[in-house]
Number of protein chains: 2
Amino acid sequence: MRAKRLDRANCCAVEATLSVIGGVWKPMIVYHLLEGRKRFMELTRLIPSATQRMITLQLREMEADGLLNRHVYAEVPPKVEYELTEFGASLAPVLKTLHQWGERYQRERYGTEPSLGCKRVAD
Amino acid sequence: MRAKRLDRANCCAVEATLSVIGGVWKPMIVYHLLEGRKRFMELTRLIPSATQRMITLQLREMEADGLLNRHVYAEVPPKVEYELTEFGASLAPVLKTLHQWGERYQRERYGTEPSLGCKRVAD
DNA sequence: ACCGTTACTATCATTCTTGTTGGTATGGAA
DNA sequence: TTCCATACCAACAAGAATGATAGTAACGGT
């Protein structure tokens with residue numbers, strides 16, 4: 001990823017995309033948010049392999065990239081919801097492409113059957 | 001990328017693909033090899049921002065993933081050529097998809113014109 | 001009165017990734 | 001004869017990403 005010293009504006013467009021959805025969690029976050037807006041805690045429960053800290057950091061970056069909006073409710077305990085923008089939702093076909101190639105890779109290299117649970121992406 | 005502790009065989013297919021072409025250099029290597037087989041030194045000159053060490057490491061991983069073949073000539077000074085497999089070449093449409101989304105991202109977020117030099121991917 | 005809940009932030013420790021440097025063998029050029 | 005070129009590898013250093021842990025405020029439930 002090395003997002004730090006990458007010039008997103010002028011690098012190759014392929015790199016730009018990878019800097020936006022590369023990594024392990026951003027695709028998962030997008031995937032879950034394609035279902036609808038979700039609270040922070042919901043996301044952490046949907047992605048138990050990620051720490052809260054990571055989810056927070058990824059959400060911040062995605063917000064800065066215009067992929068999602070943050071809806072803060074002035075309540076206690078706090079309530080914050082995240083929702084994909086139209087732009088963020090436009091990643092769906094990109095994820096689909098990545099998913100299809102990945103399935104071929106897993107089949108040819110490992111003889112693995114595609115894992116379930118990515119229905120929104122696979123369709 | 002954190003390739004280390006990722007189970008490529010059983011993880012989500014999206015992750016699998018990202019583990020194979022994620023990062024800054026693998027897409028560039030694939031891109032240049034789509035033009036035809038190339039020697040090691042050619043690649044380092046085509047991708048001057050990467051150190052030789054990185055190119056070597058990336059090539060090794062890509063070979064292990066079945067994306068390319070290594071042709072070693074028993075000569076001195078050494079001569080080694082790298083060539084995409086059919087499987088590796090099947091990444092072209094994936095790169096294209098990433099490239100197209102990246103262009104939109106750069107246009108909408110930064111008003112940047114698409115950078116030249118990715119013709120083989122852009123078509 | 002006490003505890004759990006939420007959506008974080010801040011700090012440190014650990015692990016991963018990348019860079020830097022130096023070395024190798026030998027044939028051909030200068 | 002000395003130097004360069006090639007395709008690396010090994011060792012160490014620096015830098016970046018991630019994990020673990022603790023803390024916050026105020027409300028509802030027991």
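Owing to the predicted nature of the structure, the values given are computational and were not obtained by experimental measurement. Just so we're on the same page: letters track the sequence lines, and every chain starts at 1.
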Legend entry - Spacing of Y31(B) atom OH and L84(B) atom CG [to the nearest 0.5 Å]: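 Interatomic distance, Y31(B) OH to L84(B) CG, rounded to 0.5 Å: 13.0 Å.
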What is the distance from [atom1] of [X] to [atom2] of [N], rounded to the nearest Å?
X: M54(B); N: dT20(C); atom1: CE; atom2: C1'; value: 11 Å
X: K26(B); N: dT17(C); atom1: NZ; atom2: P; value: 10 Å
X: E61(B); N: dC8(D); atom1: CD; atom2: C1'; value: 16 Å
X: K38(B); N: dC8(D); atom1: NZ; atom2: P; value: 16 Å
X: Q58(B); N: dC16(C); atom1: CD; atom2: C1'; value: 13 Å
X: L57(B); N: dA11(D); atom1: CG; atom2: C1'; value: 14 Å

Inset, instruction - Taking the side chain as every heavy atom from C-beta outward, state whether L18(A) and L18(B) have any pair of such atoms under 4.5 Å apart. - result: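 Yes. Closest side-chain heavy atoms under 4.5 Å.
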Legend entry - Beyond-backbone contact of L59(A) with L43(A), side-chain heavy atoms, under 4.5 angstrom: yes
Inset, instruction - Work out which heavy atom in K26(A) is nearest to a heavy atom in V20(A); give both atom names and the distance. - result: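 Heavy-atom minimum between the residues: CD-O, 3.0 Å.
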Inset, instruction - Would you mind building the protein contact string for nucleotides 1-11 of chain C? One character per nucleotide, 5' to 3', B for base within reach (heavy atoms under 4.0 Å), S for sugar-phosphate only, - for untouched. - result: ----BBSBS-B
Legend entry - Which residues share a side-chain hydrogen bond (donor to acceptor under 3.5 Å, both in side chains) with E63(B), sequence neighbours left out: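 Not a single residue meets the side-chain hydrogen bond (donor to acceptor under 3.5 Å, both in side chains) criterion with E63(B).
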Legend entry - 5′-ward residue of the pair S49(A)/V76(B) relative to DNA chain D: V76(B)
Inset, instruction - Would you kindly say whether R37(B) and Y82(B) are connected by a side-chain donor-acceptor distance under 3.5 Å? - result: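 Not at all, the side chains of R37(B) and Y82(B) share no donor-acceptor pair under 3.5 Å.
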